[in-house]
Amino acid sequence: MIEFPKPTVDQFFRTYVITNFAVSSDEERLIFSSNLNGKMNLWAMNLPDTFPYLFAQKDESCSFIKFDPQNRYVLAGFDQDGDENHHIYAIPNEGGIPQALISGDAAEKYFFTDVSNDGERIYYMTSEENPSFLNTRVRNLANGTDTLLNTGEVSPTELAAVSNKEDAFVYIRAFANTYVIGFVKTGDEQHSLTPDPDEVHITFDPIFIDDNTIYFITDYESEYSYIAKFDLASKQFSPVVNVNDESIQSLKWNKEKNAFYFITEDGVQDKLYQYDLASQDIQELSAPVDVIDQIQVANSGNLYVLGRSATIPHNIFQSSDGVEWKQLTNNRVLGLTKEDMVEPDVISYQSFDGMEMEALLFRAKPENDNGYTIFWPHGGPQASERKMFRAMFQCFLNRGYTIFAPNFRGSTGYGSSFVKLVEQDWGEGPRLDCVAGIEWLFENHITDREKLFLVGGSYGGYMALLLHGRHSDYFKAVVDIFGPSDLFTFVNSVPPHWKPIMERWLGDPERDKERFIKDSPVTYLDGMVKPMLVIQGAKDPRVVKEESDQIVAKLNDEGRDVEYLVLEDEGHGFSKKENEIKVYTRMLDFLEKHQA
């Protein structure tokens with residue numbers, strides 16, 4: 001018999017990402033953003049044919065894709081090497097090289113909102129002349145003129161919905177991730193979508209179903225987000241649909257069927273529902289994956305879903321009834337089946353104060369198990385680890401590492417009060433939740449005290465640095481991927497439109513000076529004695545390179561064992577396939593070196 005070696009790192013990381021997609025109104029073409037050729041570009045399929053072809057080459061991350069309603073062009077947003085300064089481009093209907101349409105200085109941002117029904121006007125937000133709060137403009141394609149619709153004030157303000165007559169506009173204003181108000185403007189009049197905009201709550205995904213009725217998602221006076229509506233004629237707010245202990249996360253409208261489709265977040269997985277407006281019936285549909293990243297409802301009523309599960313990479317699916325699904329893309333791990341990979345166990349444990357925490361435990365298969373465990377605090381922090389495919393996880397599991405990923409306080413999916421617990425407490429409650437999770441691993445004999453590694457990215461990188469500095473005895477070695485190292489420098493280096501929300505999210509560096517010191521990883525250099533690998537994208541706009549530079553320099557001054565990998569053409573993530581392979585190969589080598 002022919003014997004084949006273990007799957008290589010390349011096999012796992014030749015799995016591609018699909019970040020977003022769009023379907024034409026006639027459903028004859030589907031366009032999606034993917035790194036199929038190693039860099040992010042737009043690919044298309046002429047349905048029902050599912051063979052993908054290159055539609056537009058830009059070699060950059062794409063923030064949105066939108067078909068012209070008249071099928072004359074396609075709009076898309078691209079940044080530069082991960083800097084997240086997206087500009088708006090136009091592409092010929094048959095594909096080609098993207099042409100800058102709404103653009104300006106490289107440091108400015110242009111966020112697409114909508115295109116008019118006749119395809120003649122484009123609504124967008126821009127940081128130009130208002131970098132902190134954003135302005136809303138409309139571009140007339142017939143004569144190339146721009147009109148200012150709204151000047152953002154107080155906090156970042158984004159246009160979220162435009163009425164069919166283009167005479168009413170819904171804006172979303174963010175004061176924090178958990179405090180986002182919505183208001184509708186008609187002429188000189190402005191009305192809040194919820195009764196009390198001063199009460200902390202969120203409002204998002206507004207949809208005009210007619211000239212006077214706006215449906216949207218909110219958690220106003222509720223622990224979990226639900227569907228509500230605002231009547232523009234009567235100025236009345238009313239709750240419409242809620243699902244017990246599940247937060248509604250996305251809302252789509254189908255006019256022909258007079259129905260909404262919505263996604264809920266239920267802990268570590270999503271659910272998909274249909275709500276019939278006439279009968280008021282709610283029906284749970286059969287989702288093809290555990291985590292849904294995007295949904296589109298075609299005029300015909302067909303559903304298109306982009307999503308993934310722990311052992312299923314990003315793929316796009318189509319259904320006519322929400323029960324039977326056809327997989328349109330065939331994105332898979334090279335040479336491996338779903339059964340070759342690892343599904344996580346969903347476990348719970350008690351934290352230091354008795355609060356219940358949920359976590360995902362990926363157990364290495366017995367034939368691969370090397371006895372070591374990776375503790376993975378997720379990013380965000382107001383996000384969560386979910387039952388979704390990570391090439392890194394499945395690759396490391398194949399190499400014998402068990403992975404433990406806790407959803408500490410501040411994680412989404414467990415109610416609004418839980419999410420708010422991390423606000424102005426980045427380094428105490430969540431850190432102790434992590435410590436309790438580590439002790440759970442030991443108490444339940446998942447791993448030995450001498451065989452635990454610590455790996456995290458973004459906020460997870462911050463937590464990796466903080467846990468290393470304050471609890472180094474737990475770990476053999478640590479990997480920090482673009483994590484903030486000093487809260488004083490971090491709060492002043494975030495993008496301008498983030499700065500208005502930092503007060504509620506993180507705090508004030510002068511008022512909260514003592515807490516900033518206590519919760520900054522750089523305070524605990526003396527404790528960072530284990531070998532460390534630090535990874536950073538040079539173009540990262542969220543956690544700038546200086547955050548990693550300064551911790552690495554200080555550790556080098558102390559003579560510590562620290563390796564530093566900087567990717568010159570990446571931002572807050574890895575959009576280029578060769579960079580991704582380089583990073584995770586380096587991580588595997590680092591962990592293997594420190595097993596002994």
Side-chain angles (χ1 to χ4, degrees), residues 13-69 71 73-79 82 84 86-99 112 115 250 252 261 263 270 272 287-300 302-309 312-320 325-334 388-391 573-577 580:
F13 293 107
R14 289 298 170 192
T15 309
Y16 302 100
V17 298
I18 302 174
T19 57
N20 51 61
F21 75 95
V23 182
S24 61
S25 57
D26 57 14
E27 295 183 77
E28 292 185 358
R29 177 175 291 156
L30 183 150
I31 300 174
F32 61 96
S33 174
S34 178
N35 54 357
L36 274 175
N37 64 351
K39 296 181 179 180
M40 297 302 297
N41 285 294
L42 298 190
W43 298 78
M45 299 185 297
N46 292 338
L47 301 176
D49 176 21
T50 58
F51 186 85
Y53 59 90
L54 188 62
F55 182 79
Q57 182 165 4
K58 183 65 177 170
D59 293 346
E60 299 290 357
S61 294
C62 176
S63 59
F64 79 93
I65 305 166
K66 181 70 175 180
F67 281 91
D68 165 37
N71 292 323
Y73 60 81
V74 174
L75 299 175
F78 297 100
D79 72 352
E84 299 184 19
H86 289 93
H87 294 192
I88 298 173
Y89 288 75
I91 305 158
N93 192 51
E94 293 305 314
I97 303 301
Q99 169 184 314
F112 170 83
V115 60
S250 180
K252 297 295 180 183
Y261 295 89
I263 301 165
D270 292 334
L272 176 62
V289 285
D290 287 327
V291 176
I292 299 173
D293 296 302
Q294 184 184 344
I295 181 171
Q296 181 172 336
V297 184
N299 291 338
S300 66
N302 284 338
L303 298 177
Y304 294 82
V305 159
L306 167 65
R308 49 188 164 154
S309 298
I312 301 174
H314 284 105
N315 276 289
I316 301 172
F317 304 82
Q318 178 197 59
S319 176
S320 61
W325 292 87
K326 177 184 178 183
Q327 186 171 326
L328 299 181
T329 55
N330 193 16
N331 185 22
R332 53 168 54 191
V333 178
L334 177 62
M388 59 189 183
F389 180 82
R390 288 186 185 271
F574 314 117
S575 63
K576 300 170 179 65
K577 183 55 62 177
E580 186 181 22

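Along the sequence shown, the residues carry numbers beginning at 1.
Atom CG of Leu272 and atom CG of Leu303 lie 6.5 Å apart (nearest 0.5 Å). Within the model, atoms CD of Gln296 and CD of Gln318 stand 11.0 Å from one another, a figure rounded to the nearest 0.5 Å. Interatomic distance, Thr329 OG1 to Leu306 CG, rounded to the nearest 0.5 Å: 8.0 Å. Ile316 contributes atom CD1, which lies 5.0 Å from atom CG of Leu30 (distance to the nearest 0.5 angstrom). Here CH2 of Trp43 is found 9.0 Å from OH of Tyr16. Values are rounded to the nearest 0.5 Å. Rounding to the nearest 0.5 Å gives a distance of 5.5 Å between CD1 of Ile292 and CG of Asp270.
Checking side-chain atoms of Gln327 against main-chain N and O of Asn315 turns up no donor-acceptor pair under 3.5 Å. No donor-acceptor distance shorter than 3.5 angstrom exists from the side chain of Asp290 to the backbone of Ser309, with no hydrogens or angles considered. Using modelled atom types, one side-chain atom of Lys577 and one backbone atom of Thr15 make a donor-acceptor pair closer than 3.5 Å. A donor-acceptor pair under 3.5 Å is absent between the side-chain atoms of Asn41 and the main chain of Leu36, judged by distance alone.
Of all non-hydrogen atoms in Asp79 and His86, the two that sit nearest each other are N-CD2, 3.4 Å.
Other residues, nucleotides and ligands contribute at most 12 non-hydrogen atoms within 6.0 Å of the CZ atom of Arg332.
Side-chain atoms of Asn20 and Ser33 include no donor-acceptor pair closer than 3.5 Å.
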*Begin with the C-alpha distance, continue with both residues' side-chain angles, and end with the deciding distance and a verdict on side chain to side chain contact (heavy atoms under 4.5 Å, CB included) for Val74 and Phe67.*
CA-CA 5 Å; Val74 174; Phe67 281 91; 3.9 Å; yes

*Could you go step by step and tell me if Arg308 and Ile18 meet the side chain to side chain contact (heavy atoms under 4.5 Å, CB included) rule?*
CA-CA 10 Å; Arg308 49 188 164 154; Ile18 302 174; over 6 Å; no

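Aromatic ring pairs are classed by plane angle as parallel below 30°, tilted from 30° to 60° and perpendicular above 60°; the pair Phe112 and Phe64 is parallel.
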